[in-house]
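Notes follow the structure.
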Amino acid sequence: MKAIKIIIQISLLLIAGPLFAQSKSFTLIGKVAGKADGYIYLSIADSENGRMDSIQLNQGKFIFTGQLEYPTKAEILMEKKSERLADKRLPLILEPGEMTLSIDYNQFELGELKGSVSNAEQDMLNKKQASIRINMQPAQQHYNRVVEKYLAIREQKDTAASKNIRAEMNAVQKEMEPFHAQIRATEDQVLEHYPNGFTAANRLMYAVGQLPLEESAKRYEALSTGAKRSIAGRYVQSKIQAIRRGSVGVNAPDFASTDINGTPLSLSAHKGKYVLLDFWASWCVPCRKGNPHLLALYAKYKEKGLEIIGVASDDGNEKAWRKAVEDDKIAVWKHVLSGQNIEKLRKGERDDNYIGGQYGITTLPTKILIDPQGQIIGRYGSGAGTDADLDKKLTEIF
């Protein structure tokens with residue numbers, strides 16, 4: 001069963017947390033050929049809202065200085081009309097230390113940065129992926145149009161139209177899969193040159209929920225200090241820690257919530273039973289396709305002591321959650337929302353009420369099996385066991 005990645009604003013995650021208090025200085029020495037004066041801007045994405053500095057060119061030359069704790073995405077801009085609009089812009093990855101930047105004003109996007117290994121990695125990756133992304137554009141644009149159509153009608157009760165659009169969306173996704181495979185292959189090529197750096201951390205950020213836990217931990221430990229301190233590296237570290245809390249052999253983190261019927265629900269109240277936590281969402285196609293199998297398991301083992309609690313990542317769309325529970329006829333077991341607070345996520349704040357976070361859930365569907373004493377005895381999903389493994393485990397138990 002193909003897992004669907006939970007979409008979150010990773011670029012905002014963990015930024016505010018003071019994990020590494022010691023900053024390092026950076027110096028960016030630059031020259032803009034073909035432009036002697038005017039203002040040039042440096043935007044750095046290392047805080048919740050980012051930060052921007054500006055300086056006036058002196059015969060085309062400029063120097064920016066500041067503090068950085070880790071390799072960080074940034075942009076050089078000119079002809080800035082607002083915080084988000086500029087006629088000239090060049091994305092960069094800055095690092096602590098001294099760097100030099102050469103820009104041709106008339107070919108601004110081709111500027112060359114020296115002194116940043118992380119930027120060199122990204123340049124290599126961009127060049128390898130350029131033709132792939134151009135070839136993928138028609139399919140990507142088609143997918144964007146289908147998503148817009150789906151968003152426009154999802155609140156309506158036209159089930160047939162919604163079903164047709166979801167089918168079209170799935171078809172376009174399949175059309176894009178070969179391009180994504182090529183993109184992943186180019187990332188692997190870059191990792192051969194830079195196995196421990198910024199690219200490796202970013203690749204691991206997206207793979208951490210799909211790899212076996214110990215492999216993710218091994219890859220994280222192989223990262224350089226700078227890569228570990230990057231936003232991607234810190235994200236990986238936090239996910240590994242969370243997955244460990246939700247792995248076999250540990251006591252299941254307790255949680256309390258209100259179920260779909262408005263009744264208080266806590267995990268600890270279910271001690272004495274085997275509990276299967278089903279992490280899913282109304283928009284997750286593999287989750288929905290797996291519900292008939294779950295219904296069969298529940299019918300087979302309910303009277304023998306199995307309880308299922310569905311934990312849905314639909315916190316922003318409760319109506320869709322309720323409709324999916326009704327349509328799939330899964331109201332026979334208990335249901336709660338995952339409890340993710342988007343504002344806390346954006347601020348990088350700890351969210352103890354986020355059930356998915358407590359169990360290190362990064363992909364859907366994921367299932368956690370808990371014994372009557374409250375200990376986790378099975379994890380099923382990307383990077384862990386399969387549905388067949390779950391079936392086998394339940395057969396052994398009951």
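Since the structure is predicted, the reported quantities are computational estimates derived from the model, not experimental observations. All residue numbers in this chain count up from 1 along the given sequence.
- With rounding to the nearest 0.5 Å, the separation of CZ in Phe179 from CG in Asn135 is 6.0 Å.
- Proximity of a side-chain donor or acceptor of Asp104 to a complementary backbone N or O of Phe108 within less than 3.5 Å is not detected.
- Here the closest heavy-atom approach between residue Leu297 and residue Leu394 is recorded as CD1-CD1, 4.0 Å.
- The heavy-atom pair separating Arg288 from Ser282 by the smallest distance is NH1-O, 2.8 Å.
- Summarising the geometry of Gly226 relative to Pro71, their closest heavy-atom pair is O-CD, 3.1 Å, with the distance given to 0.1 Å.
- Within the model, atoms NZ of Lys228 and CD of Glu221 stand 4.0 Å from one another, a figure rounded to the nearest 0.5 Å.
- Scanning both residues, Arg203 and Arg184, for their nearest heavy atoms gives NH1-O, 3.4 Å.
- Using cut-offs of 30° and 60° on the angle between ring planes, the pair Phe279 and Tyr359 is tilted.
- A salt bridge does not link Glu168 with Arg145: every distance from a Lys NZ or Arg NE/NH1/NH2 to an Asp or Glu carboxylate oxygen is 4.0 Å or more.
- Asp328 and Leu295 get closest at one heavy-atom pair: O-CD1, 3.7 Å.
- Distance check: Ile308 CD1 to His335 NE2 gives 8.5 Å after rounding to the nearest 0.5 Å.
- A donor-acceptor pair is defined here as one N or O able to donate and one able to accept, closer than 3.5 Å; such a pair exists between the side chain of Arg234 and the backbone of Arg229.
- Under a cut-off of 6.0 angstrom, the local environment of CZ in Phe398 is crowded, with over 12 non-hydrogen atoms contributed by other residues, nucleotides or ligands.
- Surrounding CD of Gln56 are more than 12 heavy atoms belonging to other residues, nucleotides or ligands, all under 6.0 Å away.
- Atom NZ of Lys31 and atom CD1 of Ile63 lie 12.5 Å apart (nearest 0.5 Å).
- For CD of Glu326, the number of neighbouring non-hydrogen atoms (other residues, nucleotides, ligands) closer than 6.0 Å is 12 at most.
- Side-chain atoms of Asn353 never come within 3.5 Å of backbone atoms of Gly339 as a donor-acceptor pair (strictly under, hydrogens ignored).
- Put simply, the side chain of Asp389 gets close to the backbone of Thr386: a donor and an acceptor are under 3.5 Å apart.
- Remark: side-chain polar atoms of Asn58 are not paired, donor with acceptor, to backbone N or O of Lys61 under 3.5 angstrom.
- Here the straight-line distance linking atom CG of Asp391 with atom NZ of Lys393 works out to 13.0 Å at 0.5 Å rounding.
- Atom NZ of Lys35 has more than 12 heavy atoms from other residues, nucleotides or ligands within 6.0 Å.
- Every residue was checked against the side-chain hydrogen bond (donor to acceptor under 3.5 Å, both in side chains) condition with Glu98, not counting sequence neighbours, and none meets it.
- A salt bridge is absent between Lys88 and Glu109: the closest approach of a Lys/Arg side-chain nitrogen to an acidic carboxylate oxygen does not fall below 4.0 angstrom.
- Judged by distance alone, with hydrogens and angles left aside, the side-chain atoms of Asn119 form a donor-acceptor pair with the main-chain N or O of Ile93 at under 3.5 Å.
- Side chain of Arg379 to backbone of Val248: no donor-acceptor contact under 3.5 angstrom is found.
- In this structure a side-chain-to-backbone donor-acceptor pair under 3.5 Å is present from Asp254 to Ser268.
- Side chain of Glu95 to backbone of Tyr70: no donor-acceptor contact under 3.5 angstrom is found.
- Between atom CG of residue Asn202 and atom CD of residue Glu121 there is a gap of 9.0 Å, rounded to the nearest 0.5 Å.
- Between Arg322 and Asp314 there is no salt bridge, since no side-chain nitrogen of the basic residue lies less than 4.0 Å from a carboxylate oxygen of the acidic one.
- Between Tyr274 and Tyr301, a ring centre-to-centre spacing not shorter than 6.0 Å is recorded.
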- Query: Could you go step by step and tell me if Leu337 and Val311 meet the side chain to side chain contact (heavy atoms under 4.5 Å, CB included) rule?
  - Reply: CA-CA 5 Å; Leu337 290 169; Val311 184; over 6 Å; no
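- Closest heavy-atom contact between Phe26 and Pro96: CB-CA, 4.2 Å.
- Between Arg89 and Glu75 there is a salt bridge, since at least one side-chain N of the basic residue sits less than 4.0 Å from a carboxylate O of the acidic one.
- Look at Glu214 and Lys218 and you find no salt bridge, because none of the NZ, NE, NH1 or NH2 atoms lies under 4.0 Å from a carboxylate O.
- A donor-acceptor pair under 3.5 Å is absent between the side-chain atoms of Thr65 and the main chain of Thr27, judged by distance alone.
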